[in-house]
Structures are given as structure tokens and as C-alpha cells.
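By convention in this document, chain letters (A, B, ...) are assigned in the order of the sequence lines, proteins followed by strands, and residues within each chain are numbered from 1.
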Amino acid sequence: MKIDYERELNPPQWEAVRHAEGPLLIVAGAGSGKTRVITYKVAYLIDSGRAHPAEILAVTFTNKAAREMRERVENLLGNLAAAPLICTFHSFGVRVLRRHAERLGFRRDFTIYDVDDQKRLLRRIQKDLGLSSSSLPVDRVRSVISRAKNQRWSPEDYLVGSHDFDAAILAEIFRRYQTELRRSGGMDFDDLILLTVELFQRFPDLAESYSRRYRFLLVDEYQDTNSLQCELLRLLTCAHRNITAVGDEDQAIYGFRGADVTNILRFEEQFPGARVIKLQQNYRSTANILEAASALVSHNENRREKRLWTEAGAGDLLTMFVAEDPAAEAEFVAREVGRFLEWGESGIAVLYRTNFQSRQFEEVFRRWSIPYRLVGGVSFYERKEVRDALAYLKVIRRPDDDISLLRIINEPSRGIGAATIQRLQEHVHDHGGSLWQAIQWAVEERTLGPRAVLSLKAFGELIEGLRTLSREAPAIALDEILKRSGYRAALEMEDTEEAGDRLLNLQELLTVASGFGPGDESWQEFLDQGSLHTELDEIDEHAAVTLMTLHNAKGLEFSVVFLVGLEDGLFPHARAIEDRAIEEERRLCYVGLTRAKKKLYLTYSRRRRLYGASAQGFSTPSRFLKELPRELLEVQGEFAFGRRTYDTPVELKAAALQSLESNRKGRPFSGNTLNTVADVKRALADRTENEQVVEKPARFRVGELVRHERFGVGQVLAVEPADEDDLKVTVRFLEAGVKRLLQRYARLQRA
DNA sequence: GAAGTGTTAAATCGC
DNA sequence: TTAACACTTC
């Protein structure tokens, strides 16, 4: 054998790797070499001659994980004549459905509709039903529909089984959504799994042939499977029982898309006689980090107790930093990052709960010339111009694809406005068929205004003319499309920086496309990768600092991790608090903590502008901070004022006084005492204790100084409308003894 | 009726 | 920062 497995793996790891036949569950704690074990297992199966590479199917949840696993296997074994199939659940579904979708009444060249397409369609439907998007947010509709589909509910089933307040409306939207989706011959992400399961259930022979073909099945991140994926795995093991699942229930963070932790907890029930091997030695983090993470997650009730241990030393304490506002938080992070970069450290990550938090960090990093890599956010394939270009390609292949057609019908503007489109849709609604057919009808019958007919005719001819291009390679077709549709010209005309970027992106897309030859399959592959792709990661691959959400960080490790925005409402997210889904948030926090190898920073901001509020609100430190053992934390640099932080209270006081002086505007003002370290610590330990109320209503302006009889001088930090006549005023008092943020409704005095 | 311009509100997580 | 919406101009 090429590899000395016994030397490279610890005893339980090696045991898991050599367990070739029969069901196996590897319960792997964070940093216990989970990915290593599963890749070594793939290698071992091949290396030992137990499996031909083509008999192995390894399923992951993200493209990134699949790609990495492929690379690792290749590193271990070198180039193989045949490669094992390593892909995501969704791309496996696509693979199967592209071959057999006809059996379910779909065309094989069905279109995959992603989130953006779904939203466009749903908005349209809601509009048709006369519902404003504000009363029923499209994201909520989408999640309801997705949940229903993952339960395999039809719109009618949903109506019966749901307790939602507006179930009837939701069911109707759901019904129309399904109809439209089917009519344009499309599948959404949920369908990719759902329909694969349906296919296998209706045609057991097919399931069996797949099961026979892939005699060894490996599943990564098993705790994140939903019931459909679980069913798919069951179907894929109908001809054998060689399934190896790796997972950690403490890292289950995809409940929101239907993942169900009980799948991993019941693995032995589903696959009787399964072996369970636990990996509990952590090779990643220092003892302090590991201890903090374990302490945190032990607050969860829904879990098996396990004991992670490490041979590593205690390492540094965790550093907690309290910033005055998000800008100061970002500056602190940038400063620390700068120090690590000087020391030559390169594995640094800034992890946050929600994508919008990335902006403040990007801004500071750019200002300080710190090269960073942003994962997620608006990715290449989500850009408008890229999606438009792909929509053109889809339409010239299959003009009946309504959703793609709608995207480009007036892009660039060609005189087909909302009213005309409305008419076309009415026609489709009354007479059936597709929009494309409705356009033909409008041109022939001339029932619309002459201008509209002219524009539609030109559009029809444009598409008709472009259709022959589908015989060429995608790159050639795309280039021609951009030319003839006037898309490129329109951007060139604009002559703005943004238009220039868009042109560059289209050029980039052409480069990607040029890797694909002519032919149906090649086109399909190109378009599918666009739909299933998440981010283009060759951009600044070697940047020392990575910015990403906690969800994106799963499975990765970094020497230094900054976990930022640790405020109640942000993390744990307000929605999770409302839904009483704190345990999943805590697991997410656990995932974040355990990404760090050597050094972990926890930061939060005392003020933050959220949800477009007109004023900055005050935040409460995340409840998770209180669940970490005090003795593992050091509080650092908490002296923040305005946008800056200061190393000592003396410096802080000087700066604050100066700022206050220049802002005084004739109001009474006297010297004051500022926060001390002890004050801040006490405030953190119990925030409510320090909250006070302003007794006298008055008029306030942000930034202005006020004086209170009892609490002394303070600065108005926010004034925001509350009820009709009321203003919510937030004041920070600077005198000793009272230092917290005071809130009170003050009567608005109208001018 | 379409296109261009200005304004305002909004924002979990992701295949 | 974006995207939907209202409003004006052609």
C-alpha cells in the first residue's frame, strides 16, 4: 500500500478508516481530524483494493468541501485512472436527474432556479394576488415553501398541516409557484433532492442500479442532513450497507434549511448493527480555547455528553474587546491583524454572524492596505450582469424558460415595459403556453399597441436569430449575444466605473465559458456550475486574512480567529431568540470558537445601527459571553470613545473631554470622571443594574451635552421616534457611579 | 407607456 | 449598499 496508515492516524482514526464493510458512524468532535479520516478512508478503500474508485460516492454539503476532499485524495494517491465521485447532495441530484428526469415528466435540460429566480417569481405571484411585499416578506414565503417541500407536502397538505396565520394565502402562493415552476420546466434547489428521491422511489430498479454502482457511500457533516437527504441515503444503500457517516451534533447549524439533528442521534436505529467510533482528541486548538468552547456548548441540553481533550498547552487567554461602535470594533481588529501580519502570521479569520457585517471590516482593511479575502456576500455568479448573460444562454436554448426570459426581455432597454409584460402574462394566464408563445401571438395578432408590437417583434427576431448559436461553444455564443443584443454596447455607453466593472465581469465569464466546448452536455455543465456555484475563490487566494460568516467557516481552521459582533440580537440573532432556537446559535458559536488554533478574540460593539433604524441602538453583550469561564478571558483595550480606542483611561479621558468641549454648544458642562476598567467589567457582568432613567423630559439633539440633577453630565447618543408623540432618547452619563446608557421616552415638543 | 431620476426603506444563515 | 417605489420627462 502507498500509505502507512497506522503511522499517520491515531488508533481510533485508523479503526474508523479500516472498517470497510457495514454501517459506521464516526462521531467526531471539533478538530479531531474528521476530514482527514474520511479522505484517508476513501484512499484506503482504493489503496487496499477493496473498491474500484468508480464504486465510491462521497457526499458533502458544500462545493468547497467536495473540492477539497478531491484534492486531498489526489494528494494521497496521485492521479488515478478513475476518480471516486465526490460531490454535494445537490450536484448528485442534478447528475441523476439530467439522465432520468424524463421519467418524471421533465425535460432533461430542465433549468435550475436559484434563490434569486425564486424570489423574482414569488414577487410576481404576490403582485398578481394583490399582496404587498411588505405585508408578506418574500423571504418568509420562500422559507415556508422550502420547509413544506422538504416535508414533501403539496400546497394542500401544507394548508391542512400548518398553523400559520396566513396559511391560506401562503398555500395559494405555493400552488401558483409550483405551477409556474413546472410550466417553465424548472426545478428549485429543494426539487433537486426531492425529485431524485421521488425518482428512486417510483423506480426502485433505478435506485438499485445506483446502489450497486456505488458500493461504498461516505457522508460528511451527517448532522446537517434533512429528512429527504436521509431518505436519499437510505435508497442509495438498498443494495448494500456500506455507509460511513461522519458528524458532530454540536456542529449542527443548518436547522433553518430543514436539517434535523435527530438523524445523527438515530443513526443506529436507521442502520441496525452500525458501529460507532468516537474521535475525541482535538489536534487543533490550545487547551484554553477548547475549554472555553466546551464550557459554552455544555449549556445545550440536546446533545450527547462528550469529552474533548488535547495534548496541547494552555496557550493564550481569550481576548475580549468592547468597542464603542462598529467602526471602533473594526479598527481594533485591523490593528491586531496588522500586528500578526508583521510577525508573519497568515492564517487569520474574521468571523461574523451575518453578511452585512463584513462591510465595516472591508472598509478599514482597505484603508489600512491589509489584503483580505471575502468569502460569500455577492458572489461572481450572483452579479446582475453575469446572471443576465446566463439567462440569455438559457433562453436561446429553451425560449419557453419564462423565468430567464423575463430577466432579459427588456435588458438592455428595448421598449418593452411593465405594461406590455403585464399583457403578455395575462395572455399566458388565460390561454396557457409560455411567454415566448405569447410574444409570437402578440406579434401575429397585433392586439397590443403598435409600438409594443414593434419592440416585441424585434426581440423575437433577436432571440430567433441567436438560437442557431446554441450549436456553437458557449463562449462563442455568449460573445455573439453580448454583441447582437446590444448588452455590451449599453454598458460601454454608460461609461461609469460600475459599468466598467460589469464589462470586466462579463469578460471573466467568457474566460470561464471558454473552458467548455460545443454540444448539449458541455453547455449543460457550464450552466449547472453557474447555478450551483457559490463563490469564485481564486480571487486573492493567498491573502492572509479571510472574512466570512460563521456558517462558511465550518470545516476550516485558522491560527487566529476574531469572532465579532457578539451582541444579543445579532449573535444570537434576534430571530433565533424569538423562535427560541438558541441552541443552534450556541452551536454556531461553538463552531466559531473551535476554528481557532492559537489565538481567539471576541469582540462586540456597544452601539450598532440595525435594521435601518434612524438612530443607533444600544446593544447588550451576547449571552454567550457570560457562558464562557471568566478565568479564560482577558478584557483588553476597552477604552473606547467615538470611533477610536485608547490604551489607557487617561488617554481616553483626554480625548473625550476635548471632544465634549468642542461640542458643548452653551450647555452646562463640568468636569467628569470616565469609565474605569472595573466599571466596565461590572457593567458587563450585569448590565441592567446600571441602567437608569432620565427624569426630566426635554428636547435633545444627538451629540449634545445634557446635565442631569442626579447623574451629572452626559452626552446624547441617539434620539429616535418611538410612539406618535414620544421620542426615545439615549444618554450616556460620564460621571462616576453612573456610566451606563440611559433610555427614556421624552415628550416630543413640536416646533 | 417607457425610460430616467430621485428617494427611502431594509438587512440570518446557504445548496 | 441595494432595490423597490414614486415621480417626472420624453
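- Checked against C/dT1, B/dG14, B/dC15, the side chain of A/Arg359 finds its nearest nucleotide in C/dT1.
- A centroid separation of less than 6.0 Å is found between the aromatic rings of A/Phe256 and A/His551.
- Side-chain contact between A/Tyr604 and A/Leu563 is absent, with no heavy atoms from C-beta onward closer than 4.5 Å.
- Distance from the side chain of A/Arg451 is smallest to B/dG1 among B/dC13, B/dG1, C/dA4.
- Under the side-chain hydrogen bond (donor to acceptor under 3.5 Å, both in side chains) criterion, A/Gln524 pairs with A/Arg98, not counting sequence neighbours.
- OP1 or OP2 of B/dG14 sits under 4.0 Å from a side-chain N or O of A/Thr549.
- Atom-to-atom, CZ of A/Phe92 to C1' of B/dC15 comes out at 16 Å; the value is rounded to the nearest Å.
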Please list, for nucleotides 3-7 of chain B, all pairs of protein and nucleotide N/O atoms separated by less than 3.5 Å.
residue : atom : partner  : partner atom : Å
B/dA3   : OP1  : A/Gly415 : N            : 2.6
B/dA3   : OP2  : A/Asn410 : ND2          : 2.9

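- In this structure, the CZ atom of A/Arg124 is 18 Å from the C1' atom of C/dA3, given to the nearest Å.
- A cation-pi arrangement is present between A/Arg257 and A/Tyr254 under the rule of less than 6.0 angstrom and at most 45 degrees off the ring axis.
- Distance from the side chain of A/His573 is smallest to B/dT12 among C/dA4, B/dA11, B/dT12.
- Residue side chain A/Arg142 reaches the base of B/dG14 through a donor-acceptor N/O pair under 3.5 Å, judged by distance alone.
- The pair A/Asp139-A/Arg142 meets the salt-bridge criterion, since a charged nitrogen lies less than 4.0 angstrom from a carboxylate oxygen.
- Residue A/Ala418 is classed as a sugar-phosphate contact, given heavy-atom separations below 4.0 Å to backbone atoms only.
- Atom CD1 of A/Ile253 and atom C1' of B/dC13 are 8 Å apart (whole Å).
- With rounding to whole Å, A/Arg575 atom CZ is found 15 Å from B/dG14 atom C1'.
- A/Asp114 has no carboxylate O lying under 4.0 Å from a charged side-chain N of A/Arg120, or vice versa, which leaves the two without a salt bridge.
- Put simply, CD on A/Glu385 is 11 Å from P on C/dT2, counting in whole angstrom units.
- In this entry the distance linking OH of A/Tyr254 with C1' of B/dC15 reads 9 Å, nearest Å.
- Contact annotation: A/Asn355 does not reach the phosphate of B/dA11 (side-chain N/O to OP1 or OP2, under 4.0 Å).
- Between A/Gln118 atom CD and B/dC15 atom P there is a gap of 14 Å when expressed in whole angstrom units.
- Here A/Arg257 does not reach the OP1 or OP2 of B/dT12: none of its side-chain N or O atoms lies under 4.0 Å away.
- B/dC15 has no stacking from A/His90 on its base ring, since the centres under 5.5 angstrom apart and planes within 30 degrees of parallel are not both found.
- A/Phe61 comes within 4.0 angstrom of the backbone, heavy atoms only, and of no base.
- Within 4.0 Å (heavy atoms only), A/Thr420 reaches sugar-phosphate atoms of the nucleic acid but no base atom.
- When each of A/Leu456, A/Val453, A/Thr420 is checked for a side-chain contact (heavy atoms from CB on, under 4.5 Å) with A/Ile439, only A/Leu456 meets the rule.
- Centroid-to-centroid, the aromatic rings of A/His90 and A/Phe61 stay 6.0 Å apart or farther.
- If you measure from atom CG of A/Asp139 to atom P of B/dC13, you get 10 Å, rounded to the nearest angstrom.
- Here A/Phe256 packs flat against the base of B/dC13; its ring centre is closer than 5.5 angstrom to the base's six-membered ring, tilted by less than 30 degrees.
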